[in-house]
Amino acid sequence: GIQVEQSPPDLILQEGANSTLRCNFSDSVNNLQWFHQNPWGQLINLFYIPSGTKQNGRLSATTVATERYSLLYISSSQTTDSGVYFCAVCGGSNYKLTFGKGTLLTVNP
Amino acid sequence: DVKVTQSSRYLVKRTGEKVFLECVQDMDHENMFWYRQDPGLGLRLIYFSYDVKMKEKGDIPEGYSVSREKKERFSLILESASTNQTSMYLCASSATGLTTQYFGPGTRLTVL
């Protein structure tokens, strides 16, 4: 099956800093999503982005499908951005998402 | 807004008990999913369903079964709970085709 690798595994920032999270995948995909898991465990959708670039406020994402990677940019980070960020991909037609291990982001005041 | 709800946030059961985890979505989605999340192992798919009464095994179906009698409801059943099924269980739903999966708040199950 598809392998998904996220980097870095951990990231510590000061409030106001920018960051880039990376997701590499081993095969072509037709679905890629970025999630933020809050401290209570809820997975919140950030982007559905199998290709191209999207922006939502301070967050943006780019997927280069031909090179099998996606990037999540967080600008002017806030303490509420803390949590685990997951990349998940689907490579087939059965809608099954394969998740990366996540990036644990800590934003300090 | 899509809403996916799960019957309990926290649940404590004893070894050997039959456990039902319920998931309900309000967006008329065809697809529903059950995942478990464990430290160091990430999220893994247990079962999914693409229509009423239809189900397919995910990566780790052993020890679990599912039921989907109505489109909006997808149940995960632990026939005889064991301590290695202590985990966070997450339900998700999506419309047909390759679309966004929406997750519920999760159920943290502890089996003693």
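Just so we're on the same page: letters track the sequence lines, and every chain starts at 1. Just so we're clear, the structure is a prediction, and the values are computed from it rather than from any experiment.
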Interface moiety of A/Phe86 toward chain B, non-hydrogen atoms closer than 4.5 Å: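 A/Phe86 touches chain B through side-chain heavy atoms alone.
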Measure the [atom1]-[atom2] distance between [X] and [Y] for me, rounded to the nearest 0.5 Å.
{"X": "A/Phe99", "Y": "B/Leu45", "atom1": "CZ", "atom2": "CG", "result": "9.0 Å"}
{"X": "B/Thr100", "Y": "A/Ile49", "atom1": "OG1", "atom2": "CD1", "result": "11.0 Å"}
{"X": "B/Tyr102", "Y": "A/Ile44", "atom1": "OH", "atom2": "CD1", "result": "13.0 Å"}

Chain A contact via B/Leu43 - side chain, backbone, both or neither, heavy atoms under 4.5 Å: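 Contact with chain A is through both the backbone and side chain of B/Leu43.
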Membership question, hydrophobic clusters at under 4.5 Å side-chain separation (ILVMFWY): are [Y] and [X] in the same one?
{"X": "A/Tyr85", "Y": "A/Leu11", "result": "yes"}
{"X": "B/Tyr47", "Y": "B/Leu109", "result": "yes"}
{"X": "A/Phe47", "Y": "A/Val84", "result": "no"}
{"X": "A/Val4", "Y": "A/Leu72", "result": "yes"}
{"X": "B/Met88", "Y": "B/Leu11", "result": "no"}

Top contributor to chain A interface from B/Gly106, B/Gly104, B/Ser94 [non-hydrogen pairs under 4.5 Å]: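 Of the candidates given, the most pairs with chain A belong to B/Gly104.
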Partner chain A: residue of B/Gly42, B/Pro105, B/Gly58 with the largest heavy-atom pair count (under 4.5 Å): B/Pro105
CA sep, side-chain torsions, deciding dist, call: A/Leu43, B/Leu90, side-chain contact (heavy atoms from CB on, under 4.5 Å): CA-CA 9 Å; A/Leu43 275 169; B/Leu90 291 155; 4.1 Å; yes
Side-chain donor-acceptor pairs of residues 32-40 of chain B under 3.5 Å, sequence neighbours excluded:
unit_1	atom_1	unit_2	atom_2	d
B/Trp34	NE1	B/Phe74	O	3.3
B/Tyr35	OH	B/Gln101	OE1	2.9
B/Arg36	NE	B/Asp38	OD2	2.8
B/Arg36	NE	B/Ser87	OG	3.4
B/Arg36	NH1	B/Tyr64	OH	2.8
B/Arg36	NH1	B/Asn84	O	3.2
B/Arg36	NH2	B/Asp38	OD1	3.1
B/Arg36	NH2	B/Asp38	OD2	3.4
B/Arg36	NH2	B/Asn84	O	3.0
B/Gln37	OE1	A/Gln37	NE2	2.8
B/Gln37	NE2	A/Gln37	OE1	2.9
B/Asp38	OD1	B/Ser87	OG	2.8
B/Asp38	OD2	B/Arg44	NH2	2.9

